[in-house]
Colleague: 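I'd like to ask some things about the structure below.
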Amino acid sequence: MATATPPVEMRPNIPSATIRLPAVKDYEQVDREIIGTLKPTLGWFAALMTAIVCLLIGVSAWFYQVYAGLGVAGYHPPVMWGVYIITFVFWVGIGHAGTLISAILYLFRAGFRTSIYRCAEAMTVFAVMTAGLFPILHLGRPWKFFWLIPYPNWRLLWPQFKSPLVWDVFAILTYLTVSSTFLYIGLIPDIATLRDKETNPVRKAIYGAMSLGWRNSDREWRHFTRAYLFLAAFSTPLVLSVHSVVSFDFAMALTPGWHATIFPPYFVAGAIFSGIGMVFTIIIPIRKFFNLKHYVTLNDLDAAAKMCLFTSLVVGLAYLTEFQIAWMSGNQFEKDYFWNRLFGQWAWAAWIMLICNMVLPLSLFSQKLRRNPTWLFILSIFINIGMWFERFVIVVPSLSHEFEPWQWGSYAPTWVDYAILLGSFGWFFMWFLLFIKQLPVMAISELKEVLPPRVKTAGGGGH
Amino acid sequence: MPGLVGAFHELDSTVNAIGDLRRNKFNEFTVYSPLPRHELEHAIEAPPSRVRIFTLVGGICGATFGYWIAIWASRYWPLVVGGKAVATWVPYTIFGFEVMVLVGSLSTVFALFALSRVPRLTMTVGYDERFSQGHFGIFVETAAERAKEAAELLKKHGAVEVRHEA
Amino acid sequence: MTQRRKWTAIPGLLLLAVGAVALSAYSGASSSQNNSPVQPIAFPHPLHAAGNLNMNCLYCHNTANKSPDPGLPAVSTCMGCHLIVRADKPEIQKLAKYYAMGAGTPVPWVRIHKVPDYVRFPHMRHVNAGVTCQSCHGPVQQMTQVYQYSSLNMGWCVNCHVNGYDPREGLKATGVVDTSTTVTPDAERKRARYDCASCHY
Amino acid sequence: MIDSPEGAKPGVRRREFLKVLGVGAAASASACDAFQDNAGKLIPYLVSPDQTVPGVSTYFASVCRECSAACGIIAETRDGRVIKLEGNPEHPLNHGALCARGQSAVQGLYNPDRFRTPMIKTAGAWKAATWDEAIALLSAKIVEQKSKAGAAVFLNQHEGGSFPSFLDSWLSSMGMRPHVSVDFEADHAAIEANKRSYGVAWPELAFGQAKLIVSFGADFLDGWGSSVQHQLDFADARAKGAAAPRFVYIGARRSLTGLNADQWISCTPGSELAIVNFLQGRGTAQAAATASGATAESLTALAREIATAKPSLLVAGGRGENGLDVALGVAALNRSAGNVGVTIRSADAVLGFEGISKQGDLSAAVERMRGGNVGIAFVRGPNPAYSMASSAKFAEAFAKVAFKVSFSLYPDETTEMCDLILPDLHSLEQWGDSEPVKGTLGLQQPAMDPVYKGSRSAADVLMAVAKKDAAAASRFPQPDYRSWLIARVPGNTATRSTMFAKGLGSGNITRREMPAPSATQSATAAAATGDYFLVTYPSPTLGDGRGANKPWLQELPDPVTKVLWSSWVELHPETAAKLHVERGDVLEVTTSAGTVRAPALPYLGIRPDTVAIALGQGHSSPSQPTYHDGKDTSVQWGYGRYSRSVGINANALLSGATNSGGGSIATGKCSVTKTAEKVQVPTTEGSARQHGRGIAQAMHVSEIGRPPAEEVGHGKIPGAASHEFLPGLRSPVAADAQGELGAPSAKNQGTQLGMYDPNHPLGMAKRRWAMTVDLARCTGCSACVTACYAENNIPTVGAPWQNGVVYAEKRPGFNITRGREMNWLRLERYYEGADDGAFTENFEARFIPMMCQHCGNAPCEPVCPVFATYHAPDGLNVQVYNRCVGTRYCSNNCPYKVRYFNWFGYGEPDRIQYAFPEPLNWQLNPDVTVRGKGVMEKCTMCVQRIREAENRAALEKREVAADEFTTACAAACPSRAIVFGDAADESWTIQAHIGSERAYHVFEELNTYTAVVYLKKINHTTKAAAAGEAR
């Protein structure tokens, strides 16, 4: 009795993923190779220790600052914000690329996303975790930070909801929650795989708990795909909103150089730009040291580099637009300020920013360089530096050169600022390094989706 | 309820097996696969997921709460700042939006857990570790008298192994 | 199926946790409430402020109606009576000792009611507004050893400033029996400024 | 050796009470420690003192002894401690105003470096002693030195009143010669000239009557004579607008007075005489011009002006070699111009300046000591070891004296050389009197018990010594100086009691008859060499150095250069360029007398051929050469922790020669060389230019009454006041600053607005507190700044030990170089003109006090996440310290940059940065929270005074009356430039000013609706000058 089952088309699950992973044969290979990366190495351990040491330096510097007072940092009124806020914006920015890649590209079904998104997403979560610290440790009285959170209390007082800082609290907390949830949900099936391949009973138990007893059943997959889609849909507007809100910290003030409507788009573009920079910084060593070159192919890097180039162009446009607005505004304060930015006291910072973020990325117009991991890595370092200085240029010169000439000032960070900055990198990389050896750096189940499934006979059907 | 589980190596044979099972009135079965495949979903013809309802409701509640808390708190102790109105809806849109996203996505996750019955404390019958790696699997819940028939059916479709589960 | 019940256990626990947090948010009572230190001299308020003496608070705390500071009785005020009255009692002799050493130390009473240093509490404004001492300090006339009666936290202050002080409640606090159950009309309640800068500067 | 300060006379026991409660409430008060010291102690009075209600201020009228003028002060005491000084409104000299130095007297009173007990030096080591020991020792020594008694020297800080005669009679009873009444700040030449020409030491200068004011280097606004009185009168004159006198300043350097002039005629130091001669008709303008370096045109113009503008007022300062001749010449000019009796009134002369001994007498005494036949010397007040020109070699002469007694309160240089220290009482602790003007008595009565029971009134000590000697005892029957004094006060007990109340009475004090002045030394001036003229001048803030141990004065920027906690060498930018010197390059200035090293400070207002250095800094101690570390509790030699090793002492450059007027010569020639060293000069100045931002605006006198010409395009000054609305005072009593919702017609009143509703039953929004500042009056003297520090417990942050702990650099003013000064009210000084830095006489300085503007649309408010700053219904922009979490966003968003952050725990006693080391914290205002670490603070418009007035009114069951009270800055201002009041009530004075045609807001275009209204400065420049000067 011949059965007429509909023929099954044997294509990868993701339609638009025309790219293939030629060097990857079957599901088992994916499991083997990805899970293989989890074995700790000496180099990894050394890196982790370095990160932790940096973190400790930062932490002790912060304790000292809390004890002695904020004066030990380099604040120099009228520059009331400094390295901490700069670094805060820097890390929030880093976060964005992760969400962009994992969420937006997911909705767009961009194939090259598959191999890099897990790293990017983890990077997001840890970057936001890092950023979240700074608003607290830059406070004069950090032990009172919880007053910014609306909760019923016996003072009968609530936060001042018109303040951009309260907006920040909501934006950052939401972003942290959603992105970490998103990361975890995506991880569940992979953890299940780890669980099933694990032999050590203890680790098996831990993985078991973390996988929440996931079984890959049809029902689970059915809801999973839905939920994942909606989470992606939720994260997408966050990518745009969070950094817009952060930009309001500046745009809502009337300080010359801050008070500009261009800030939200400008910040978002900058954020994604810096994020992709950081993705390169992270993924390129990983594909090298974990031997995953055949997963993160040059095509993937090429595609990401194109995004990097694009965002760089947007950011560059924003820079120029700022000057043009100031020039045409007829507003004396603005004019003075932007002149000062380019040729005044802070010219050096401005030029670092322009060269790193505007000029160097232009090299990506050449396909050769786009497909050259070494160059991408070097460039990404420049981008990170450049983006840090972008925030420096926004924060410090504006404040040091405000309306009141009598109160014009200068700014010079102290060792405390630098120690805490260093600590933030320690904190970030500590988490990230822990992550890459405990959990798969690539989405196993999604990689499987890219592969053509195993079939008995082309055209299918029984016999 | 007892049943038997069959492990498959290929996708198409799994699909065919599912089709055959349903034609032979074996309706109590669970399909395991290391990755989501549309082919399987089509073969099973399961109803669409209800996650979206939770998402919608969560989102709406969130947005309302966001606006409400901001406006209520501002009016609770009306202090004028910068000569602005006490409760200003424009900036409060930010809270509406953020809380919408927050509650919306959390309720989505809740829905995922609730509907697909995770987290669960025990591994259930009919699961095999291969199903999270390379193999597809079908667990058929059936009375002992039809077990043989089911086993036959699975084997016919090329199950690499068929095991009886107590 | 059995799995279902097992499955519901965890969310249940989560819900409990949330409830606990929500509750703890409301635990706002001040730490210093009800603290009742032992004083260098066991001064019996009931003996003086109640009973047949029934002295007015202002007799000893004589600046409460003209200064932000209620003032404490000078030791000479006490000795005014106690040179003769009950001069044999041990506590009085302690007092006499303080008084005797002319250049010596006055009585180091232990402070009980204290608002933080960034809060201005002008006693005279409240006293002259007719707020009875007991409405804040509690039934001192019955306290053998004085303790902090009110929480003195901000919500406690603001409640009265906004919702108003009910003179009849205040009188009840002093021990006046008021059997009528009618609520005080809103007009009779005494309200006060609730602008932050009225107290914080 | 320092015992805890205490010790009241038996009887009134205030100290115990306040020591505990007071300090518990004030000093430890900080926004941070909520309930921490809950278990404080409450200490009642043992016997309750008369007239003292705990928590309510008591006021004592007394006399200020910070300079010779002896203004009247009112000391506000709380619980027995002085917490604030203000001028006595009824006093004929200062009419209620008080200068920065007067304000700071409390920091002299509570100075942590005061001597706690008498001290005796044995074998070079100091040890504390009891009074009995000390007095016994003193009388023993006096007996021992009887033989040489005739040669004994008593140097007394000059003061008017009865004490000098008391002192003389004591000295004579001991067979000693009359004392030398020293005042290093006195302008002896001017005094001498006044005596010869007008018959009095210091006639009243009636600026108000003059049509023209010409000053020949007489800095009557920065400490020359009775400067508060001068300033009051000068400001009144200048405020008359079109009728105001023009003011021409002649000198080598533009001092604060010079910067207030409409025209500066720069001449080389000492060449004023040439100009005076020309004005007297001797010699041609050209000759005078060549001699003085001024332009002939300006001189002829001046001559013409003096001839036409009658009456005029010409004043001359005589610190130069020919000071006396200049002063006499000017006096002659006055006489010929008919000013005597009109603008120069001998009738109501300032008597405080009578009886100052000539510099010659002092030098004579020094020479006697050098001669070695002086057995015993006393010093009460002056500090000649510091204040005398180094080439006078006071130290080595003084060392020759067998036994040296100091009555000083502070461990100054002279005292360190003495053998016996008998710490005197501070003028706020002891009895005294003065005769400010003829027929008026000023009574100096103690405002509180002595801070240290170890200190004792010098007068009482002298009487005690006298009583040990039968002969002398008979001269002093009274038990103590107080009764001696009261016995002299005319009138009966009734008049006296009123006198105690007002601190003033009528009557005369029979003055000591001055000993014959000893022959002045022929000026031992070595032939002046060097390529630059040198000008030294007493600092307007530190005086001759007496102020240097008071943190308020160290933290008060010099009104001209805005430098603080430092010394500096002023030179013109042109000169700096010539020497390749930049601001902060350490220069070595050398004269025949000595050498000093100080950082360079280019300054527009000085001739290119001249450099200037201020006196007052550079106190030092051989035994403790370095800075105080903030912890050391031993005696702080070098005039205390706040002054030791800060800056340099320019007296080292002076020849010590005295001019014919008997004053030491403060000018000379010097050579300047650049050194490799470079330092950061602590200053509060950011940019000295307005960059056309219209912060301090001015109008030419000719524009008064004319509607402002409609400026268009680039000519428009941002912030030029528009007169369409009542400036800034559309009371933001509602949800929008324009106050529509506040208007009686407003909809939804009392619903959502609550307290902002003007018809709210509690009437919180009834008032709109506001302030006007008249820039035509403001002279930039900065008295308001110190008044603000005193009233609001503002910490000083410049002390060397007050910066961070680990990386910190121990350098005076380090925090200031990081811009962390806390001056709620700062005095900005902007230059107009001379943009290219080339030398010109035609540049203008504009002073503008900048404090929180209490905007209706305050940018700082909406950015605060926790409502720590918000808008109060009575128009104040409130900062709630204890709610502040320290995001500092408000400061970022404040266009006026008037918010200040507590970078360290300046208010926390256990920290090294603590700004009020015991007993300075006794001065803390109990009505103002002492801010803790990490919170923002700013001008509150003295909200505590507002509340106090409201409380008082409520107590008396009435409304607050118009002008019933005012802010600390307004109360102190000797120019009466600041007016505070309720803009929503016509009966307050402020209303008149708000309507003025000169009214404007700073940064009005930012739409902040400030509550502070400035009135434009009025310039009286001649057309020629006006051309050269930027608007």
Side-chain angles (χ1 to χ4, degrees), chain A residues 3 5 8 10 13 26-28 31 150 156-162 167 170-171 173-174 177-178 181-182 185 188-189 192-193 195-197 212-227 230-231 234-235 237-238 241 245 445-446 448-449 453-457 460-462, chain B residues 9-13 15-16 19-20 30-41 44 46 49 51-52 55 69-70 73-74 76-77 81 84 88 91-92 94-95 97-99 101-102 104-106 108-109 111-112 115-116 118-124 127 129 131-134 156-158:
Chain A
T3 59
T5 46
V8 182
M10 296 310 156
N13 208 354
D26 57 8
Y27 296 165
E28 282 75 6
D31 294 337
L156 309 184
L157 287 173
W158 295 83
Q160 203 273 86
F161 285 91
K162 295 182 207 66
W167 307 348
F170 276 74
L173 286 181
T174 306
T177 322
V178 172
T181 319
F182 195 41
I185 296 299
I188 291 179
T193 316
R195 173 196 65 203
D196 294 345
K197 281 187 82 74
L212 306 175
W214 183 265
R215 304 181 304 160
N216 305 298
S217 71
D218 55 89
R219 146 189 243 143
E220 287 168 353
W221 280 123
R222 194 167 83 245
H223 300 305
F224 179 88
T225 43
R226 263 302 128 159
F230 287 135
L231 281 179
F234 269 128
S235 311
L238 274 188
S241 76
V245 170
S445 61
E446 286 203 36
K448 290 176 180 169
E449 293 186 45
R454 212 184 292 105
V455 291
K456 189 181 268 164
T457 60
Chain B
H9 211 269
E10 303 85 2
L11 175 59
D12 51 355
S13 43
V15 172
N16 299 340
D20 230 1
T30 311
V31 179
Y32 301 104
S33 59
L35 73 164
R37 292 296 304 195
H38 301 311
E39 295 83 353
L40 296 172
E41 280 189 42
I44 297 165
S49 162
V51 168
R52 50 186 166 183
T55 313
I69 185 70
S74 305
Y76 179 76
W77 192 321
V81 290
K84 300 191 183 332
T88 49
Y92 293 176
I94 292 171
F95 301 102
F97 169 77
E98 296 292 349
V99 182
V101 172
L102 186 62
S105 44
L106 287 182
T108 308
V109 174
L112 166 62
L115 295 175
S116 51
V118 291
R120 55 174 70 240
L121 297 176
T122 59
M123 221 62 247
T124 48
Y127 179 73
E129 293 185 343
F131 299 157
S132 69
Q133 295 156 31
K156 176 179 118 219
H157 283 286

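Residue numbers begin at 1 in each chain, while the letters A, B, ... track the order of the sequences. Basis for what follows: all heavy atoms, side chains included, without hydrogens, waters or symmetry-related copies.
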Colleague: For a 4.5 angstrom cut-off between non-hydrogen side-chain atoms, does Y76(B) reach L156(A)?
Modeller: yes
Colleague: Please give me the minimum heavy-atom distance between F234(A) and G104(B), naming the atom from each residue.
Modeller: CE1-C, 3.5 Å
Colleague: Restricting to non-hydrogen atoms, name the atom on W158(A) and the atom on I69(B) that form the minimum distance, rounded to 0.1 Å.
Modeller: CZ3-CD1, 4.0 Å
Colleague: Out of curiosity, T225(A) OG1 to L112(B) CG, how far, rounded to the nearest 0.5 Å?
Modeller: 9.5 Å
Colleague: What's the shortest heavy-atom distance between V178(A) and L102(B), and which atoms?
Modeller: CG2-CA, 4.5 Å
Colleague: Quick check on P237(A) against chain B: is it the side chain, the backbone, both or neither that has a heavy atom closer than 4.5 Å?
Modeller: both
Colleague: Just so I understand: if I count every heavy-atom pair under 4.5 Å between each of L238(A), T174(A), T177(A) and chain B, which residue has the most?
Modeller: T174(A)
Colleague: What's the separation between atom OH in Y127(B) and atom OG in S217(A), rounded to the nearest 0.5 Å?
Modeller: 9.5 Å
Colleague: Would you mind telling me which of P159(A), A171(A), P189(A) has the largest number of heavy-atom pairs within less than 4.5 Å of chain B?
Modeller: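 Of P159(A), A171(A), P189(A), A171(A) has the most heavy-atom pairs under 4.5 Å with chain B.
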Colleague: Identify which part of L157(A) has an atom lying under 4.5 Å from any heavy atom of chain B, answering side chain, backbone, both or neither.
Modeller: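 Just its side chain gets close to chain B.
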Colleague: Between Y27(A) and L35(B), is there a side-chain heavy-atom distance shorter than 4.5 Å?
Modeller: yes
Colleague: Would you say S116(B) and F224(A) make side-chain contact, with heavy atoms under 4.5 Å?
Modeller: no
Colleague: At what distance, to the nearest 0.5 angstrom, does CH2 of W77(B) lie from CD of Q160(A)?
Modeller: 14.5 Å
Colleague: Rounded to the nearest 0.5 Å, how far does NE2 of H223(A) lie from OG of S49(B)?
Modeller: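 One finds 5.0 Å between OG of S49(B) and NE2 of H223(A).
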Colleague: Using modelled atom types and a 3.5 Å cut-off, is there a donor and acceptor pairing between side-chain atoms of D218(A) and backbone atoms of V31(B)?
Modeller: yes
Colleague: Check whether K197(A) reaches the backbone of S132(B) with its side chain - one donor and one acceptor, N or O, closer than 3.5 Å.
Modeller: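 Side chain of K197(A) to backbone of S132(B), a donor-acceptor pair under 3.5 Å: no, none is there.
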Colleague: If you look at every heavy atom in R454(A) and H9(B), which pair is closest and at what distance?
Modeller: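 Of all heavy-atom pairs spanning R454(A) and H9(B), the closest is NH1-O, 2.8 Å.
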Colleague: Would you say R219(A)'s side chain and L115(B)'s backbone share a donor-acceptor pair under 3.5 angstrom?
Modeller: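 Yes; at least one donor-acceptor contact below 3.5 Å.
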Colleague: Any side-chain heavy-atom pair from R215(A) and Y32(B) closer than 4.5 angstrom?
Modeller: yes
Colleague: Minimum heavy-atom separation for V51(B) to A227(A), with atom names?
Modeller: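 Between these two residues, the closest heavy atoms are CG1-CA, 4.0 Å.
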Colleague: Is chain A contacted by the side chain of A111(B), its backbone, both, or neither, given a heavy-atom distance below 4.5 Å?
Modeller: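 Nothing of A111(B), per the 4.5 Å heavy-atom cut-off to chain A.
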Colleague: With a 4.5 angstrom heavy-atom cut-off, which part of T181(A) approaches chain B: side chain, backbone, both or neither?
Modeller: side chain
Colleague: Does the side chain of R222(A) come within less than 4.5 Å of I44(B)'s, by heavy atoms?
Modeller: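 Of all side-chain heavy-atom pairs linking R222(A) with I44(B), none is under 4.5 Å.
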Colleague: Under 4.5 Å heavy-atom distance to chain B, tell me which part of E28(A) shows up: side chain, backbone, both or neither.
Modeller: side chain
Colleague: Counting only heavy atoms closer than 4.5 Å, note whether V109(B) contacts chain A via side chain, backbone, both or neither.
Modeller: side chain
Colleague: Which region of F170(A), side chain (C-beta onward) or backbone (N, CA, C, O), has a non-hydrogen atom less than 4.5 Å from a non-hydrogen atom of chain B, or is it both or neither?
Modeller: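 Both parts, heavy atoms under 4.5 Å.
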Colleague: Which region of S105(B), side chain (C-beta onward) or backbone (N, CA, C, O), has a non-hydrogen atom less than 4.5 Å from a non-hydrogen atom of chain A, or is it both or neither?
Modeller: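 Answer is both: backbone and side chain atoms of S105(B) are under 4.5 Å from chain A.
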Colleague: Looking only at non-hydrogen atoms, find the nearest pair between P36(B) and W221(A) and report the distance.
Modeller: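 That closest heavy-atom pairing would be CD-CZ3, 3.4 Å.
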Colleague: About how many Å separate NZ of K448(A) and CZ of R37(B), when rounded to the nearest 0.5 Å?
Modeller: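 One gets 12.5 Å once the value is rounded to the nearest 0.5 Å.
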Colleague: Between atom OG1 of T108(B) and atom CZ of F230(A), what is the distance when rounded to the nearest 0.5 Å?
Modeller: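 Interatomic distance, T108(B) OG1 to F230(A) CZ, rounded to 0.5 Å: 7.5 Å.
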